[in-house]
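Sharing a structure with you now.
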Protein chains: 2
Amino acid sequence: MVNRSTPPQSSNPEKPDKAQAILAGALPVFTKHGYAAASMDRIASAAGVSKPTLYNYFQDKQGLFIALIHQLTQNNSQLILSLPTEPDLQTPPEQVLRQMATAVLEEFANNPALLTLMRLIIGESERFPELAQTHVREIIKPLMERLSLYLASQPQLKLSDPVVAARIFTGSLVHYLIIQNILHGSEILPLERDRMVNGLIQLLTAGEAEGAV
Amino acid sequence: MVNRSTPPQSSNPEKPDKAQAILAGALPVFTKHGYAAASMDRIASAAGVSKPTLYNYFQDKQGLFIALIHQLTQNNSQLILSLPTEPDLQTPPEQVLRQMATAVLEEFANNPALLTLMRLIIGESERFPELAQTHVREIIKPLMERLSLYLASQPQLKLSDPVVAARIFTGSLVHYLIIQNILHGSEILPLERDRMVNGLIQLLTAGEAEGAV
DNA sequence: GTCTATAAGTCGATAGAC
DNA sequence: GTCTATCGACTTATAGAC
């Protein structure tokens with residue numbers, strides 16, 4: 001079960017590694033068929049290599065899948081965390097939050113690989129619970145902490161619990177994406193993106209409007 | 001690929017159908033392994049029938065899976081819609097909403113099959129998009145409409161957009177379940193259920209506290 | 001129970017770099 | 001010549017379907 005022939009050092013950053021080519025070829029196969037139904041033959045041909053080469057770079061199917069998800073997680077971690085690095089503490093929070101929400105929804109709309117990653121991680125969360133946890137640790141948790149800190153730094157919002165508010169903000173957007181995009185519900189349960197964002201922002205910033213205290 | 005031998009009418013509601021036994025046996029196999037990795041052999045032995053019997057009652061693996069998800073959808077549709085049939089318009093909305101939220105989270109906690117169904121539907125939403133859409137149509141949409149109507153009937157909440165508020169309410173809870181339970185994030189990103197519910201209710205009912213207008 | 005297809009994973013030979 | 005990445009062909013097991 002364990003294959004410990006020396007994998008041709010995949011940590012050589014000089015030439016565009018063949019491991020990268022394999023991962024790039026594996027991505028669409030896994031995302032289209034799911035883990036179990038993705039065959040190593042298909043992945044090999046998609047990557048333009050032979051099957052033994054696959055096994056030269058990755059121990060087995062699981063190892064390849066784990067490496068792929070980890071890479072995607074890394075990419076998206078950097079991507080997500082690079083967006084609202086240090087929101088202007090000057091600009092009004094409703095503007096910052098609206099920018100964040102719109103940016104997230106647009107990013108997911110323009111980059112279907114993100115939706116795919118979400119679907120894969122959820123779908124395979126029983127087979128690969130450690131991958132799901134890695135995703136929580138590397139992406140969701142930093143995002144949530146950042147958002148909580150920002151919300152807590154805006155006392156005029158009068159949010160009683162910024163941690164929960166961050167969950168509500170993120171959860172509403174993720175759930176919107178799940179229904180509209182992943183579950184293909186946009187015709188069955190239509191809801192304009194701007195309407196969703198506006199309603200969400202209004203709810204979160206309603207405390208501000210509370211009289212002139 | 002298409003099998004049109006007469007299936008012993010599985011639409012006979014008289015005798016506790018053998019189709020029911022097959023579906024009951026198939027459920028844990030599909031939920032544990034996912035669609036692709038669930039084998040008909042395993043399903044047959046789990047259901048206590050022979051493999052030809054499977055194919056006697058269901059056209060093929062796809063047909064069996066679709067029938068299973070449809071049945072689960074039906075069950076949960078009735079279950080979910082039976083809960084807050086006609087919330088007392090007397091009792092204060094924060095109490096009604098708290099009851100709803102707690103009931104939903106407890107129902108999912110006590111009934112892991114619901115989480116499993118959610119995961120299956122999301123995970124197989126590319127392979128079976130029509131199942132995902134059925135789920136939206138039969139469960140999510142009625143739930144959302146009911147909730148929107150209730151929220152709209154409570155003008156003192158001052159919700160500018162009850163439709164979006166219903167999404168936020170549901171989305172926050174679903175996202176909470178996804179992170180804590182499906183992605184196994186309860187240790188990585190802990191958040192007490194009551195704290196989540198309280199924060200959510202507080203945000204939705206904050207408009208009420210708005211001064212004495 | 002049987003049949004056929006296809007899956008994951010392996011092996012011996014090859015071919016190019018130094 | 002040696003070393004090593006590569007590949008076509010193969011084995012074994014197990015899948016779906018009847």
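Residue numbers start from 1 in every chain, and the chains themselves are labelled A, B, ... in the order their sequence lines are given, proteins ahead of strands.
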D:dT6 OP1/OP2 closer than 4.0 Å to side-chain N/O of A:Y57: yes
Between P of D:dA17 and CD1 of B:I43, the distance in whole Å: 11 Å
Short side-chain donor-acceptor distance under 3.5 Å, A:S77 and A:E138: no
Integer-rounded Å distance: C:dC11 P and A:N56 CG: 13 Å
Whole-Å distance separating the CD1 atom of A:I22 from the C1' atom of D:dT6: 11 Å
Minimal non-hydrogen separation, B:A166 against B:L151, with atom names: N-CD1, 3.7 Å
Nucleic acid contacts of residues 26-34 of chain B, taken as heavy-atom distances under 4.0 Å to DNA chain D: none
Steps toward side-chain hydrogen bond (donor to acceptor under 3.5 Å, both in side chains) verdict (A:Q20, A:Q71): CA-CA 10 Å; A:Q20 279 308 317; A:Q71 177 180 277; 2.8 Å; yes
Short side-chain to backbone donor-acceptor contact, B:T53 and B:V49, under 3.5 Å: no
Exam field: side chain A:H70 to backbone A:I66, donor-acceptor pair closer than 3.5 Å: yes
Residue that, paired with B:T102, satisfies side chain to side chain contact (heavy atoms under 4.5 Å, CB included) out of B:M100, B:Q99, B:R98: B:R98
Side chain proximity check, A:L149 to A:S153, heavy atoms < 4.5 angstrom: no
Please output the side-chain donor-acceptor pairs of residues 25-35 of chain B that fall under 3.5 Å, not counting sequence neighbours, one pair per line with the distance.
{"residue": "B:T31", "atom": "OG1", "partner": "B:L27", "partner atom": "O", "Å": "3.0"}
{"residue": "B:T31", "atom": "OG1", "partner": "B:P28", "partner atom": "O", "Å": "3.0"}
{"residue": "B:H33", "atom": "ND1", "partner": "B:V29", "partner atom": "O", "Å": "3.2"}
{"residue": "B:Y35", "atom": "OH", "partner": "B:Q62", "partner atom": "N", "Å": "3.4"}

Under 4.0 Å protein heavy-atom contact, by nucleotide of nucleotides 2-8 of chain C - B base, S sugar-phosphate only: B----SB
d(CG, A:L54; C1', C:dT10) in whole Å: 13 Å
